[in-house]
Amino acid sequence: MNKVVLKAKAKVNLSLDVVGIREDGYHEMKMINHLIELDDILTFESCATGISLTSNEDTIPLDERNLVIKAAHKLQRQFDVKQGAKIHLEKRIPTQAGLAGGSSDAAAALNGLNRLWQLGLTQSELLSIGVTIGADVPYCLVGGTALVEGIGERITPLKDLRKMTVLVVKPDIDIATPWAFKKLDESIIKDHPDIPAIIKLLRDDAYDRLNMNLGNVFEAVAFAKYPEIETVKNQMMERGALAAIMTGSGSTVIGYYQNQELAEKSWRFFKENYTMCFLSKTEEGENDVGR
């Protein structure tokens with residue numbers, strides 16, 4: 001096999017909770033994730049030696065700071081791979097946006113190089129490697145609608161979220177995940193999302209309760225520092241969203257619409273002020289990188 005091409009889809013949260021800190025410093029998480037039809041495209045080509053990464057996006061690092069390179073080197077070292085790879089990343093998922101683009105790219109790298117180098121690793125083996133790279137990487141290897149716990153290693157599939165239009169708006173604000181966790185550690189979490197309620201409404205198709213049960217503990221720290229993010233969320237609700245939530249550690253806000261016309265009208269409103277503003281759909285089933 002000389003070439004592999006994979007799509008790495010963006011991840012968003014219906015709910016995100018931080019339930020504790022382990023002795024090793026890692027945060028214990030509890031979240032409900034799903035994918036949207038927004039993706040990066042990664043191309044892997046075989047070469048004699050070495051790992052190289054190129055991208056259409058000149059603002060991202062192309063060295064070990066990039067999780068794609070980190071994943072590639074980890075596979076090389078762990079399985080004594082002598083062969084190299086040329087990787088091209090067509091970046092379409094916004095960075096520092098809470099959409100897990102870097103983690104999804106890393107998941108694609110694990111799976112793509114597993115195929116390119118014909119390592120024969122099972123999904124279970126890839127998951128155990130993925131959790132050492134980042135908390136969202138294991139989920140991005142699996143996809144679907146899922147309850148994710150621990151440091152990302154415990155994944156329980158749930159009934160898929162209904163197909164809906166999603167409005168994605170990223171204010172011109174970059175939030176680094178380490179900063180968000182630091183601010184969260186310095187505060188007291190007053191409102192934990194009701195994750196069992198979300199699981200029940202998915203099972204019962206009770207989407208009229210979606211907005212009242214969504215929750216993300218990072219919203220409190222992000223809104224305090226950047227009130228514009230909360231304004232975007234409120235404006236989505238005012239313009240007909242069934243529900244709206246900041247995803248990940250921010251700053252992207254996701255609005256869920258059952259009415260396509262309302263979604264398009266809302267998109268036109270936000271497009272006047274935000275460059276990173278587009279319509280997508282909820283994605284059903286597994287991530288491409290997990291197949």
Side-chain angles (χ1 to χ4, degrees), residues 8-35 64-75 77-78 93 95-111 114 121-158 175-189 192-196 198-199 215-222 245-250 252 286-287 289-290:
K9 297 196 179 291
K11 179 223 76 173
V12 298
N13 309 103
L14 284 177
S15 282
L16 193 162
D17 198 5
V18 177
V19 297
I21 304 178
R22 307 190 327 176
E23 290 184 1
D24 59 10
Y26 284 100
H27 291 79
E28 287 274 347
M29 310 288 290
K30 194 169 187 178
M31 46 198 170
I32 296 178
N33 297 342
H34 71 90
L35 302 173
E64 190 79 18
R65 292 171 294 170
N66 192 301
L67 296 185
V68 169
I69 293 291
K70 187 174 181 179
H73 286 166
K74 190 171 283 284
L75 284 179
R77 288 192 296 266
Q78 190 164 335
I93 302 172
T95 59
Q96 290 192 312
L99 293 167
S103 294
S104 196
D105 294 341
L110 290 175
N111 205 309
N114 181 40
L121 301 175
T122 64
Q123 186 182 71
S124 178
E125 289 171 317
L126 291 174
L127 289 171
S128 66
I129 299 167
V131 76
T132 68
I133 298 171
D136 283 325
V137 177
Y139 166 75
C140 290
L141 280 162
V142 175
T145 303
L147 171 67
V148 181
E149 300 176 276
I151 58 171
E153 81 283 11
R154 299 200 306 274
I155 303 169
T156 306
L158 301 173
I175 297 180
T177 301
W179 175 87
F181 272 108
K182 182 175 183 293
K183 298 303 288 186
L184 198 67
D185 290 342
E186 293 170 355
S187 63
I188 297 173
I189 300 175
H192 290 273
D194 191 347
I195 288 179
I198 291 284
I199 295 173
N216 180 349
V217 293
F218 284 112
E219 284 189 341
V221 296
I245 187 171
M246 185 186 81
T247 186
S249 56
T252 299
E286 296 178 342
N287 198 351
V289 304

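What you are looking at is a predicted structure, and each value in this text was computed from that prediction instead of being measured.
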Worksheet entry | Residue pair Thr145 / Asn33, side-chain heavy-atom distance below 4.5 Å | no
Discussion item. Please determine whether side-chain hydrogen bond (donor to acceptor under 3.5 Å, both in side chains) holds for the pair Thr247 and Thr252, giving the CA-CA distance in whole Å, both sets of side-chain angles, and the decisive distance to 0.1 Å.
Written reply: CA-CA 6 Å; Thr247 186; Thr252 299; over 6 Å; no
Discussion item. If I compare all heavy atoms of Glu64 with all of Lys70, which pair ends up nearest, and what's the gap?
Written reply: OE2-CA, 3.5 Å
Worksheet entry | Atom pair OG (Ser124) and CG (Leu126), whose distance is rounded to the nearest 0.5 Å | 9.0 Å
Worksheet item: Is any side-chain heavy atom of Met29 closer than 4.5 Å to a side-chain heavy atom of Asp17?
Response: no
Table please: side-chain donor-acceptor pairs of residues 127-138 below 3.5 Å, with sequence neighbours left out.
residue, atom, partner, partner atom, Å
Ser128, OG, Glu125, O, 2.7
Thr132, OG1, Ile129, O, 2.5
Asp136, OD1, Lys11, NZ, 3.2
Asp136, OD2, Lys11, NZ, 3.3

Worksheet entry | Donor-acceptor under 3.5 Å (Ser15 side chain, Ile32 main chain) | no
Worksheet item: Should Leu67 and Ser103 count as side-chain neighbours, where that means a heavy-atom distance under 4.5 Å?
Response: yes
Discussion item. What's the separation between atom CD1 in Ile195 and atom CE in Met31, rounded to the nearest 0.5 Å?
Written reply: 9.0 Å
Fill in: Side chain Asp105, main chain Val68, donor-acceptor under 3.5 Å
no
Worksheet item: Do Val18 and Leu184 come close enough that some side-chain heavy atom pair is under 4.5 Å?
Response: yes
Fill in: Under the salt bridge (charged side-chain N to carboxylate O under 4.0 Å, His left out) test, residues paired with Glu219 that sit two or more places apart
Lys233
Worksheet item: Hey, does the side chain of Ser104 reach the backbone of Ala100 with a donor-acceptor pair shorter than 3.5 angstrom?
Response: no
Discussion item. Looking at every non-hydrogen atom in both residues, tell me the closest pair between Ile175 and Gly250 and how far apart they are.
Written reply: CB-O, 3.9 Å
Worksheet item: How long is the span from the CD atom in Gln96 to the OG atom in Ser249, to the nearest 0.5 Å?
Response: 8.5 Å
Worksheet entry | Distance (rounded to the nearest 0.5 Å) between Ile151 CD1 and Tyr26 OH | 6.5 Å
Worksheet item: Residues in ring-ring contact (aromatic ring centres under 6.0 Å, His included) with Phe181, at least two apart?
Response: His27, Phe218
Worksheet item: Is there side-chain contact between Leu147 and Lys30, with at least one heavy-atom pair below 4.5 Å?
Response: yes
Discussion item. For the backbone of Gly248 and the side chain of Asn13, can you confirm whether one donor and one acceptor N or O come within less than 3.5 Å of each other?
Written reply: yes
Worksheet entry | Within-4.5 Å side-chain heavy-atom neighbours: Val12 and Leu99 | yes
Worksheet, complete the sentence: Smallest heavy-atom separation, Val221 atom then Trp179 atom, equals O-CH2, 4.1 Å
Worksheet item: Taking side chain as C-beta onward, heavy atoms only, is Val148 less than 4.5 Å from Thr156?
Response: no
Worksheet, complete the sentence: In this structure, CG of Leu121 is separated from CG of Asn111 (nearest 0.5 Å) by 9.5 Å
